[in-house]
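Since the structure is predicted, the reported quantities are computational estimates derived from the model, not experimental observations.
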Amino acid sequence: MDWYPLINSLRIAGISTVIVLVIGIAAAWFVIRLPRVIKGILDCVFTLPLVLPPTVVGYLLLLLLGPRRPIGAWFLEVFGIRLTMNWWSAVFATTVIIFPLMYRTARGAFEAFDRTYAQAGQTLGLSNSYIFFKIVLPCCRTGIIAGTVLSFARALGEYGATTMIAGYTPGRTATISTTVYQLWRTDNDGLAVKWVLINIAISAVVLLAINLIEGKQRRIVKKSVG
């Protein structure tokens with residue numbers, strides 16, 4: 001059994017999750033401090049990939065990154081790098097797809113944060129950077145961790161946008177999702193079922209982790225209230 005699809009899927013999901021962890025937190029912290037109208041507009045823009053069909057997201061990425069498109073053509077001409085049909089091309093797709101999950105989860109955590117802690121830090125003369133990294137993030141870590149785990153799970157199972165921009169090449173761009181589809185097309189149901197079971201097992205572990213995190217958060221809230 002070729003384990004490349006699993007390795008590639010974990011690699012793509014891991015890289016894209018790290019990316020959205022950083023930009024999702026930054027975007028959420030930036031948006032919640034904006035005026036209501038601007039906040040609403042940016043919130044719609046950042047959440048849009050969550051409601052768009054993945055194939056539409058993949059098509060839009062192709063319009064930007066394809067070898068005959070502005071960004072893709074420039075990279076190909078200047079650096080000799082083709083931005084599509086490589087294993088790391090799927091990182092572009094999964095990053096866009098899972099960004100709304102991280103963004104909305106982080107935004108919810110920040111909005112639930114008791115700002116009196118930050119105000120107390122300001123009265124003590126602490127810098128905004130210190131308050132954010134040492135006070136805000138630790139207080140919001142449960143929500144952020146849950147968003148990170150959920151984003152990783154979504155990236156691991158992404159198919160539509162990944163297929164559009166990375167395609168399917170065994171040993172090069174194959175992921176679990178694209179492999180299952182190709183095995184089904186070739187009537188190799190036995191191997192397809194094995195990959196499905198592997199994906200289900202990973203997803204179950206991820207969901208269990210999310211439930212444990214949420215349970216821990218509820219216990220913390222009960223203790224603080226009690």
Side-chain angles (χ1 to χ4, degrees), residues 3-32 43 46-54 57-58 87-114 132-163 166 174-180 195-224:
W3 292 101
Y4 180 84
L6 175 61
I7 296 172
N8 195 38
S9 295
L10 292 173
R11 173 171 57 179
I12 292 169
I15 295 173
S16 57
T17 300
V18 171
I19 294 172
V20 299
L21 176 63
V22 176
I23 62 177
I25 289 175
W29 184 246
F30 173 74
V31 167
I32 64 170
D43 192 55
F46 290 156
T47 310
L48 194 58
L50 187 63
V51 296
L52 285 175
V57 174
W87 74 263
W88 44 266
S89 301
V91 174
F92 302 139
T94 53
T95 297
V96 174
I97 292 293
I98 69 175
F99 170 78
L101 294 174
M102 189 67 242
Y103 161 73
R104 294 191 69 87
T105 306
R107 195 197 69 182
F110 290 149
E111 289 177 341
F113 172 69
D114 188 351
F132 179 73
F133 287 105
K134 297 296 184 179
I135 299 177
V136 178
L137 284 183
C139 289
C140 300
R141 66 179 179 275
T142 302
I144 291 174
I145 292 173
T148 303
V149 175
L150 188 61
S151 297
F152 178 83
R154 179 65 184 86
L156 194 64
E158 211 295 306
Y159 172 77
T162 298
T163 304
T175 63
I176 294 177
S177 299
T178 57
T179 298
V180 170
W195 280 116
V196 168
L197 292 176
I198 291 173
N199 209 348
I200 291 174
I202 297 174
S203 300
V205 171
V206 170
L207 292 175
L208 177 62
I210 293 175
N211 289 335
L212 291 175
I213 293 170
E214 291 178 345
K216 181 180 179 181
Q217 180 65 21
R218 286 194 293 268
R219 289 193 296 270
I220 292 174
V221 172
K222 288 181 180 179
K223 288 182 180 179
S224 62

Check: [Y] main-chain N/O paired with [X] side-chain donor or acceptor under 3.5 Å:
X      : Y      : value
Arg141 : Pro138 : yes
Ser16  : Val91  : no
Thr178 : Ala174 : no
Ser9   : Ile176 : yes
Glu111 : Phe113 : no

Spatial distance of atom [atom1] ([X]) from atom [atom2] ([Y]) [nearest 0.5 Å]:
X      : Y      : atom1 : atom2 : result
Leu6   : Thr179 : CG    : OG1   : 10.0 Å
Tyr159 : Ile97  : OH    : CD1   : 13.5 Å
Asp43  : Arg107 : CG    : CZ    : 4.0 Å
Leu207 : Ile200 : CG    : CD1   : 11.5 Å
Thr148 : Leu101 : OG1   : CG    : 11.0 Å
Thr175 : Ile7   : OG1   : CD1   : 13.0 Å

Aromatic plane relationship, Phe132 with Trp29 - under 30° parallel, 30 to 60° tilted, over 60° perpendicular: tilted

Parallel, tilted or perpendicular: ring planes of Tyr103 versus Phe99, cut at 30 and 60 degrees: parallel

Compare all side-chain heavy atoms of Leu137 with those of Phe110 and state whether any distance is below 4.5 angstrom. yes

Derivation of the side chain to side chain contact (heavy atoms under 4.5 Å, CB included) call for Leu156 and Leu10: CA-CA 7 Å; Leu156 194 64; Leu10 292 173; 3.9 Å; yes

What are the two closest non-hydrogen atoms of [X] and [Y], and how far apart are they?
X      : Y      : result
Gly24  : Ala106 : O-CB, 4.3 Å
Ala155 : Thr94  : O-CG2, 3.9 Å
Met102 : Ile144 : CE-O, 3.6 Å
Asn199 : Ser177 : ND2-OG, 4.5 Å
Val20  : Ser151 : CG2-CB, 4.4 Å

Given the rule in the side chain to side chain contact (heavy atoms under 4.5 Å, CB included) test, do Ile15 and Ile12 qualify, once you have shown the distances and angles that lead to the verdict? CA-CA 5 Å; Ile15 295 173; Ile12 292 169; over 6 Å; no

